[in-house]
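So that the names make sense, note that chain A is the first sequence line, chain B the second, and so on, each numbered from 1.
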Amino acid sequence: MLLSTDFYTRSDVTLVARELVGKVLFSNIDGKLTAGIITETEAYCGRDDKACHANNNLRTKRTDIMYQNGGLAYIYLCYGIHHLFNVVTNIQGLADAVLIRGLYPFEGIAEMKQRRKTSFDNLCNGPGKLTKALGITTHFNKTNLLEKTIWIEDHGIKIKPDELNISKRIGVEYAGEDADKLWRFYVDSVSL
DNA sequence: CTAACGATTCGCT
DNA sequence: GCGAATCGTTAGT
């Protein structure tokens, strides 16, 4: 079932990040349907989180998307090379987002292999890798996740509490004490 | 206009 | 483990 606006607009971005693990991210791009079960996420908050692009309510042309109502895609270019995919959460005016960092390939695996030119285990095990596997680029920034271009479904996959790992976020050492926030959620494996 | 710098990945040592 | 690749965003002149 397609995730609704109500799922995304909740006020606790860490809760949304936690619950996105186990959901299924789809894309229908260039006529190819691809999907993966979300295995890793990170939460970013526009208030009191120096790791967030919209920290201290910084509002620029780039971060404006994060201030919109939850349920939109925030996709940006990282290191000039990698397209990173985020889900905008919270209500309009409060800039929160969840970075999708890993997937377990689920559908369109042949197409993913063609896009990535690598083996199954390495198709989507990284934030820059999964966007390439799914054909997601900054061209799709601000896409509405309720439309069937990029969307997320609940397939009833349950993550047991003891299967969900929690840690510091990756690659945000520049954020000072906020780098210590335990806002990364991931599973080591998925059971279908 | 200029300069610094990334929410990463890959290949080589 | 280390460094290059590569370019849009941001802040400051």
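Rounded to whole Å, the distance from OH on Y79(A) to C1' on dG6(B) is 5 Å. dA5(C) atom P lies 17 Å from atom NZ of K132(A), rounded to whole Å. As rounded to whole Å, 7 Å separates atom P of dT10(C) from atom CG of L58(A). As rounded to whole Å, 15 Å separates atom C1' of dG6(B) from atom CG of N55(A). Taking atom CD1 of residue I100(A) and atom C1' of nucleotide dT8(B), one finds them 16 Å apart after rounding to whole Å. Atom CG of N125(A) is separated from atom P of dC10(B) by 8 Å (rounded to the nearest Å). Per the geometry, NZ belonging to K50(A) stands 15 Å off P belonging to dG6(B), to the nearest Å. Rounded to an integer number of Å, the gap from H53(A) NE2 to dT10(C) P is 9 Å.
For R169(A) and Y44(A), the positive end sits near the middle of the six-membered ring, less than 6.0 Å away and at most 45° from its axis.
The side chain of Y174(A) contributes an N or O atom lying less than 4.0 Å from OP1 or OP2 of dA7(B). Contact annotation: R62(A) does not reach the phosphate of dG8(C) (side-chain N/O to OP1 or OP2, under 4.0 Å).
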side-chain hydrogen bond (donor to acceptor under 3.5 Å, both in side chains), that's the test. Do S4(A) and D6(A) meet it? Break it down for me.
CA-CA 5 Å; S4(A) 67; D6(A) 288 344; 4.7 Å; no

Verdict with supporting geometry, E40(A) and R184(A), salt bridge (Lys or Arg N to Asp or Glu O under 4.0 Å)
CA-CA 7 Å; E40(A) 179 177 349; R184(A) 173 173 176 246; 2.8 Å; yes

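Nucleic acid contact for L84(A): sugar-phosphate only, since backbone atoms but no base atoms lie under 4.0 Å from a heavy atom of the residue.
The two residues E42(A) and I170(A) have their closest heavy-atom pair at OE2-N, 2.8 Å.
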